[in-house]
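Working notes, structure below.
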Amino acid sequence: CKTYCDKAENIKACVEFAEKHNLMSQEEARKAKQFATLGGRGPGDCASKESCETYCNDVRNLNACISFAEQHGFMSQAELEEARKVQAALAKGANLPGGCRNKNECEVFCTNPDHMEECITFAEVAGFIPKDELGDAKKVLEAVKRGYKAPPCRGPKECMAYCMKPAHFEDCMKFAEAAGLIPEDEIED
């Protein structure tokens with residue numbers, strides 16, 4: 001089926017079958033139909049979802065892929081904004097953390113606390129960390145440098161959800177206190 005459906009002339013039939021049997025979301029079906037109208041060819045002459053993802057996961061192809069995705073509606077507004085931030089940071093001369101070449105590699109690299117400084121620096125340059133959160137991110141970095149273990153979460157929203165779980169609350173509080181994320185007069189509360 002995959003070989004059959006990877007051919008541009010078969011996309012329409014495959015999408016209709018997938019929709020009929022609930023094998024893909026409406027958004028995936030929309031994108032597949034749009035891809036078919038383009039002759040089954042994407043940036044770098046990729047011809048399937050997998051080959052296009054492989055091509056576009058390489059940061060060297062970022063400009064072509066963003067342009068294609070924007071022109072043909074293959075990325076959400078949030079995805080486009082994120083990609084444009086990376087694009088702008090690279091244009092300014094920034095390097096991706098750890099020499100990562102795509103979003104997945106960068107996320108894996110940046111989940112390691114040993115790489116936190118490099119990742120925060122890139123996130124700051126790219127504008128991923130809002131200015132009002134940058135101070136706290138740097139406090140977290142300093143606490144990690146002093147040997148404290150940060151909770152395995154990123155950003156205020158994700159960390160709040162993680163730390164509100166009873167099993168994580170005490171460790172999170174100790175780290176937040178060590179990092180200076182909680183004002184002295186609120187620690188006892």
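Of the inter-residue distances, the one linking Thr37 atom OG1 with Ile11 atom CD1 reads 9.0 Å to the nearest 0.5 angstrom. Ile129 contributes atom CD1, which lies 11.0 Å from atom NZ of Lys131 (distance to the nearest 0.5 angstrom). Taking NZ from Lys2 and OG from Ser48, the interatomic distance works out to 5.0 Å, rounded to the nearest 0.5 Å. Distance CZ/Arg84 to CG/Asn63: 12.0 Å, rounded to 0.5 Å. Taken from CG in Leu134 to NZ in Lys139, the straight-line distance is 11.5 Å, to the nearest 0.5 Å. Atom OG1 in Thr54 sits 9.5 Å away from atom CG in Asn102 (nearest 0.5 Å).
With sequence neighbours left out, Ala161 forms a side chain to side chain contact (heavy atoms under 4.5 Å, CB included) with no residue at all. For His115, the side chain to side chain contact (heavy atoms under 4.5 Å, CB included) partners two or more places apart in sequence, or in a different chain, are Phe109, Asn112, Cys119. Qualifying salt bridge (Lys or Arg N to Asp or Glu O under 4.0 Å) partners for Glu82, counting only residues two or more places apart in sequence or in other chains: Lys103. Remark: Tyr148 engages no residue in a ring pair (Phe, Tyr, Trp, His ring centres under 6.0 Å) (not counting sequence neighbours). Scored by the side-chain hydrogen bond (donor to acceptor under 3.5 Å, both in side chains) test, Lys145 finds Glu117 as partners (sequence neighbours excluded). Every residue meeting the side-chain hydrogen bond (donor to acceptor under 3.5 Å, both in side chains) condition with Ser76, not counting sequence neighbours, appears here in chain and number order: Glu79. For the side chain to side chain contact (heavy atoms under 4.5 Å, CB included) test, residues two or more places apart in sequence or in another chain that qualify with Glu81 are Gln77. For Asp171, the salt bridge (Lys or Arg N to Asp or Glu O under 4.0 Å) test picks out no residue, with sequence neighbours left out.
For Ser67 (side chain) and Ala64 (main-chain N/O), no donor-acceptor pair under 3.5 Å exists by modelled atom type. Checking side-chain atoms of Lys85 against main-chain N and O of Gly127 turns up a donor-acceptor pair under 3.5 Å. With Lys31 contributing its side chain and Phe74 its backbone, the two residues share a donor-acceptor pair below 3.5 Å.
The only option from Glu16, Glu28, Glu19 that meets the salt bridge (Lys or Arg N to Asp or Glu O under 4.0 Å) definition with Lys33 turns out to be Glu19.
Listed by first and then second residue, the ring pair (Phe, Tyr, Trp, His ring centres under 6.0 Å) pairs involving residues 7-57 are Phe17-His21 (not counting sequence neighbours). Applying the disulfide bond (SG atoms under 2.5 Å apart) rule to pairs touching residues 16-51 yields Cys46-Cys52, sequence neighbours excluded.
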Checklist entry - Passes disulfide (SG to SG under 2.5 Å), Cys100 versus Cys106? Steps please. => result CA-CA 5 Å; Cys100 58; Cys106 292; 1.8 Å; yes
Item to check | Test log, rule disulfide (SG to SG under 2.5 Å), inputs Cys56 and Cys65 | outcome: CA-CA 6 Å; Cys56 289; Cys65 293; 2.1 Å; yes
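Listed by chain and number, the hydrophobic cluster partners of Met164 are Met160, where partners are ILVMFWY side chains within reach of under 4.5 Å, directly or through others. The other members of the hydrophobic cluster of Leu96, by chain and number, are Val59, Leu62, Ile66, Met75, Leu80, Val86, Leu90, Phe122, Phe128 (side-chain heavy atoms under 4.5 Å, ILVMFWY only).
By the SG-distance test at 2.5 Å, no disulfide connects Cys153 to Cys163. Not less than 2.5 angstrom separates the SG atom of Cys1 from that of Cys14.
With respect to Lys174 and Glu170, a salt bridge is recorded, a charged nitrogen being found less than 4.0 Å from a carboxylate O.
Residues Ala150 and Met116 share a closest heavy-atom pair of CB-CE, 4.3 Å. Ile182 approaches Glu177 most closely through the heavy-atom pair CD1-N, 4.5 Å. Asn10 and Cys5 make their closest contact through CB-CA, 4.5 Å (heavy atoms, listed as atom of the first residue, atom of the second, distance). Considering all non-hydrogen atoms of both residues, Arg30 and Gly73 come closest at NH2-O, 2.5 Å.
Neither Met173 nor Tyr162 shares a network with the other; the hydrophobic side chains, linked directly or stepwise wherever heavy atoms of I, L, V, M, F, W or Y lie under 4.5 Å apart, form separate groups for each. Taking hydrophobic clusters as Ile, Leu, Val, Met, Phe, Trp and Tyr residues chained together by side-chain heavy-atom distances below 4.5 Å, Val144 does not share a cluster with Val108.
Residues Pro156 and Glu133 form a side-chain contact, since some pair of their non-hydrogen atoms from C-beta on lies under 4.5 Å apart.
The local environment of CZ in Arg146 is crowded, with over 12 non-hydrogen atoms from other residues, nucleotides or ligands closer than 6.0 Å. Taking a 6.0 Å sphere around CD of Glu9, one finds it holds more than 12 heavy atoms contributed by other residues, nucleotides or ligands. No more than 12 heavy atoms of other residues, nucleotides or ligands shown are found within 6.0 angstrom of CD on Gln26.
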